[in-house]
Peer 1: 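Below is the structure I would like to discuss, written out as structure tokens.
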Amino acid sequence: MKVFLDTNIIMDFCARRLPFFENASLIIDMGYRKELVLVVSSLTFINVAYILRKAYPQDLVMQKLANLAKICTVSPVSYTHLTLPTIRL
């Protein structure tokens with residue numbers, strides 16, 4: 001099953017935000033074990049890196065996000081994707 005993880009789930013996991021960290025960790029672990037296909041927007045990685053840059057060392061944030069990207073399908077966001085019609089009549 002494919003599961004789209006929004007920015008909040010990734011933030012909960014990376015920043016270990018309580019009380020949501022445990023649930024986020026369970027979902028990500030299921031992706032690691034290939035029980036779920038995790039899909040994350042490329043923009044989420046950028047936003048999380050930006051938000052966490054003041055609270056954590058940059059190399060730690062980038063390593064955590066790089067490791068996470070290895071187990072996720074990263075969905076691109078570009079002008080082309082934004083202008084594609086979602087429903088064809």
Peer 1: Rounded to the nearest 0.5 Å, what separates atom CE in Met1 from atom CG in Leu36?
Peer 2: 6.5 Å
Peer 1: Look at the side-chain heavy atoms of Ile, Leu, Val, Met, Phe, Trp and Tyr, link any pair under 4.5 Å apart, and say whether Leu52 and Leu18 land in one connected group.
Peer 2: yes
Peer 1: Please say whether more than 12 non-hydrogen atoms of neighbouring residues, nucleotides or ligands are located less than 6.0 Å from CZ in Phe21.
Peer 2: yes
Peer 1: Could you report the tightest heavy-atom contact between Pro76 and Ser42, atom names first, then the distance?
Peer 2: CA-OG, 3.8 Å
Peer 1: Side-chain heavy atoms under 4.5 angstrom apart, residues restricted to Ile, Leu, Val, Met, Phe, Trp, Tyr: same cluster for Ile28 and Tyr56?
Peer 2: yes
Peer 1: Check the surroundings of atom CZ in Arg53: do more than 12 heavy atoms from other residues, nucleotides or ligands lie under 6.0 Å from it?
Peer 2: yes
Peer 1: Apply side chain to side chain contact (heavy atoms under 4.5 Å, CB included) to Val39 and Thr73, showing your working.
Peer 2: CA-CA 5 Å; Val39 181; Thr73 299; 4.3 Å; yes
Peer 1: Establish whether Ile27 and Val40 are linked, either directly or via other cluster members, by ILVMFWY side-chain heavy-atom contacts under 4.5 Å.
Peer 2: yes
Peer 1: Around atom CD of Gln58, are there more than 12 heavy atoms from other residues, nucleotides or ligands closer than 6.0 Å?
Peer 2: no
Peer 1: Which side-chain N or O atoms in residues 59-72 pair as donor and acceptor under 3.5 Å with protein atoms at least two apart or in another chain?
Peer 2:
from	atom 1	to	atom 2	distance (Å)
Gln63	NE2	Asn67	OD1	3.0
Asn67	ND2	Gln63	O	3.4

Peer 1: Please output the side-chain donor-acceptor pairs of residues 2-15 that fall under 3.5 Å, not counting sequence neighbours, one pair per line with the distance.
Peer 2:
from	atom 1	to	atom 2	distance (Å)
Asp6	OD1	Asn8	N	3.2
Asp6	OD1	Ile9	N	3.1
Thr7	OG1	Thr44	OG1	3.0
Asp12	OD1	Arg17	NE	2.8
Asp12	OD1	Arg17	NH2	2.7

